[in-house]
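Remarks on the structure that follows.
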Amino acid sequence: MKQQSLYIQGEGYQLHLRHISKNSAGTPVLMIHGAIENGFIFYTEKGKGLACYLAEQGFDVYVADLRGRGKSTPIINAKSDFGQFEVISQDIPMLLDYIAKKTNKAMHVVAHSWGGVLMASCLARYPERLSQVLSNTCFGTKRSVTVRSIEKFLKVNLFWNNFAIKLANKHGFLDAKRYGIGSDNETKKSLAQSVAWVKKGAWLDPHDGFDYNNAAKNIVWPPSWHFTGVKDKVLGHEQDVKAFIAESYNHQAKFNLLSKKNGNALDYDHINILTHPQAVTDHFPLLAAWLKTHQ
């Protein structure tokens with residue numbers, strides 16, 4: 001299995017793709033991370049993670065670092081003037097085109113958390129992109145957080161919707177790595193635009209008012225599978241994952257709640273659903289087998 005870094009040139013920035021492959025003729029897979037994250041949620045340089053597992057199964061895997069995160073450059077700083085609108089309208093299309101041109105094939109898409117929202121938004125806004133996507137898999141993906149709990153109040157209402165905004169205003173960006181609250185940073189715009197969606201309300205673009213919910217009514221979605229863990233009590237709660245499936249009108253989507261009660265090795269949470277060693281023999285093989293039926 002080989003790993004190499006590829007770079008896509010944008011206007012004043014570069015997007016990083018980690019190419020992980022044992023079989024370059026295999027079906028391509030694009031992986032998209034979530035907020036305050038980067039591509040390392042999917043892989044390690046020593047060969048661990050879902051990306052490496054899928055590469056071992058014969059897939060041609062490309063793990064994205066979204067703009068300013070991971071090995072994409074320049075890194076997010078106080079001068080970074082972009083948000084999730086630019087990811088939806090520019091960067092994800094650029095990633096799709098790069099892989100489609102390089103491989104001459106349509107691809108599977110695998111996303112974690114907010115990455116699944118960004119990808120769905122891109123496909124709803126640009127339905128012509130659907131021809132590039134064979135399937136869509138999401139881990140712990142929700143748009144709005146509606147579940148009520150003390151943990152939700154602390155993590156979402158108090159921190160993400162309020163304190164994080166104050167930190168971003170203070171530094172010019174959310175320096176999540178400095179404060180130990182995430183693997184990567186967020187711009188003021190990306191934070192504000194995500195907060196607008198995390199709060200219960202319509203799926204409208206904060207930048208230009210585009211109605212994603214209405215656009216989704218006309219989408220014939222690719223085969224889709226949503227996973228979440230029973231211990232994911234806030235960031236990917238079963239209730240909110242199902243709500244996102246419903247508002248996307250993706251009525252044929254599969255859904256799995258990973259838990260001991262449902263026959264899994266352990267009760268997974270928002271992060272270890274992708275990083276726990278037992279995932280390799282638990283739900284990763286199920287996903288790989290399913291992907292192979294949609295090539």
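Taking all atoms of both residues into account, the shortest heavy-atom contact from H294 to P223 is ND1-CG, 3.5 Å. The two residues I273 and A279 come nearest to each other via the heavy atoms O-CB, 4.1 Å. Here the closest non-hydrogen pair linking S131 and A106 is O-CB, 3.7 Å. Among all heavy-atom pairs drawn from K177 and N185, the shortest one is N-OD1, 3.0 Å. In this structure, A265 and Q278 approach most closely via the heavy-atom pair CB-NE2, 3.4 Å. Nearest heavy atoms, G116 versus C138: CA-SG, 3.9 Å.
Here Y268 and H283 bring their ring centres to under 6.0 angstrom of each other. The ring of W225 has its center no closer than 6.0 angstrom to the ring center of F139. Side-chain rings of F210 and W203 stay apart, their centers remaining 6.0 Å or farther from each other. Taking the six-membered ring for Trp and the full ring otherwise, the centers of F255 and H226 sit at least 6.0 Å from each other.
Side-chain atoms of H276 and D269 form no donor-acceptor pair, as typed in the model, at a separation below 3.5 Å. With 3.5 Å as the limit, one finds no donor-acceptor pair spanning the side chains of S259 and N264. Between the side chains of S224 and Q252, no donor-acceptor pair of N or O atoms lies under 3.5 Å. Looking at S21 and D60, their side chains do bring a donor and an acceptor atom within 3.5 Å of each other. Checked by atom type, the side-chain pair Q132/D97 shows a donor-acceptor distance below 3.5 Å. Side chains of D91 and Y13: a donor on one and an acceptor on the other come within 3.5 Å.
In this structure, L287 CG and N256 CG are separated by 10.5 Å, a value rounded to the nearest 0.5 Å. Atoms NZ and OG, on K254 and S135 in that order, are 11.5 Å from each other to the nearest 0.5 Å. Atoms CG and NE2, from L235 and H270 in turn, are 4.5 Å apart once rounded to the nearest 0.5 Å. Rounding to the nearest 0.5 Å places CD1 of I41 at 4.5 Å from CD of E37. Considering CD1 of I32 and OG1 of T141, their distance stands at 11.0 Å, rounded to 0.5 Å. Once rounded to the nearest 0.5 Å, the distance linking CZ of F85 with OG of S190 reads 14.0 Å.
At least one test fails for R143 against the ring of F244: distance under 6.0 Å to the centre or angle within 45° of the axis. Annotation: cation-pi geometry not satisfied between R18 and Y43 (NZ/CZ under 6.0 angstrom from ring centroid, within 45° of ring axis).
We find that D267 and K260 are not joined by a salt bridge, their nearest charged nitrogen and carboxylate oxygen being 4.0 Å or further apart. A salt bridge is defined here as a Lys NZ or Arg NE, NH1 or NH2 lying under 4.0 Å from an Asp or Glu carboxylate O, and E45 with K71 meets this definition.
Note: the hydrophobic cluster containing L174 also contains Y179 (ILVMFWY, side chain heavy atoms under 4.5 Å, direct or indirect links). In this structure, M107 is not a member of the same hydrophobic cluster as M31, with clusters built from ILVMFWY side-chain heavy atoms closer than 4.5 Å. Hydrophobic clustering places L118 together with I219 (ILVMFWY residues linked when any side-chain heavy atoms are closer than 4.5 Å, directly or through intermediates). Transitive grouping of hydrophobic side chains (ILVMFWY, heavy atoms separated by less than 4.5 Å) brings L258 and L266 into a common cluster. Placement of L30 and I20 in two distinct hydrophobic clusters is found when ILVMFWY residues are connected by side-chain heavy-atom separations under 4.5 Å, directly or transitively.
Side-chain atoms of N262 come within 3.5 Å of backbone atoms of L257 as a donor-acceptor pair (strictly under, hydrogens ignored). Side-chain N or O atoms of T73 include none that pairs as donor or acceptor with a backbone N or O of I75 at under 3.5 Å. A donor-acceptor pair is defined here as one N or O able to donate and one able to accept, closer than 3.5 Å; such a pair exists between the side chain of W221 and the backbone of S248. Here the side chain of T103 pairs a donor or acceptor atom with the backbone of K105 at under 3.5 angstrom. No donor-acceptor pair under 3.5 Å is formed between the side chain of Q193 and the backbone N or O of D205. With hydrogens and angles ignored, the 3.5 Å screen pairs a side-chain donor or acceptor of R69 with a backbone N or O of R67. No donor-acceptor pair closer than 3.5 Å links the side chain of T228 to the backbone N or O of H237. A donor-acceptor contact shorter than 3.5 Å links the side chain of E186 to the backbone of I36. A distance-only check finds a donor-acceptor pair linking the side chain of N162 to the backbone of N157 [under 3.5 Å]. Although no hydrogens or angles enter the test, the distance criterion places no donor-acceptor pair under 3.5 Å between the side chain of S72 and the main chain of G68.
The side-chain heavy atoms of H112 and L274, taken from C-beta on, include a pair separated by under 4.5 Å. Using a 4.5 Å cut-off on side-chain heavy atoms (C-beta onward), Y212 and S121 make contact. Side-chain atoms of M94 and Y98, non-hydrogen and from C-beta on, never get closer than 4.5 Å to each other. A 4.5 Å side-chain heavy-atom check between W160 and L191 finds at least one atom pair inside the cut-off. In this structure, E151 and F153 have side chains that are not in contact, with every pair of non-hydrogen atoms separated by 4.5 Å or more.
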Verify ring pair (Phe, Tyr, Trp, His ring centres under 6.0 Å) between H108 and Y62, making sure each step is shown before the conclusion.
CA-CA 10 Å; H108 299 294; Y62 299 81; over 10 Å; no
Check step by step if side chain to side chain contact (heavy atoms under 4.5 Å, CB included) holds for L66 and H33.
CA-CA 8 Å; L66 295 179; H33 65 79; 3.6 Å; yes
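Under the 30°/60° scheme for interplanar angles, the aromatic rings of F159 and F163 are found to be tilted. Ring-plane geometry between W197 and W114 is classed as tilted, the angle between the planes lying from 30 to 60 degrees on a 0 to 90 degree scale.
Partners of K242 by salt bridge (Lys or Arg N to Asp or Glu O under 4.0 Å), not counting sequence neighbours, listed by chain and number: E238.
For residues 208-233, the salt bridge (Lys or Arg N to Asp or Glu O under 4.0 Å) pairs, not counting sequence neighbours, are R125-D208.
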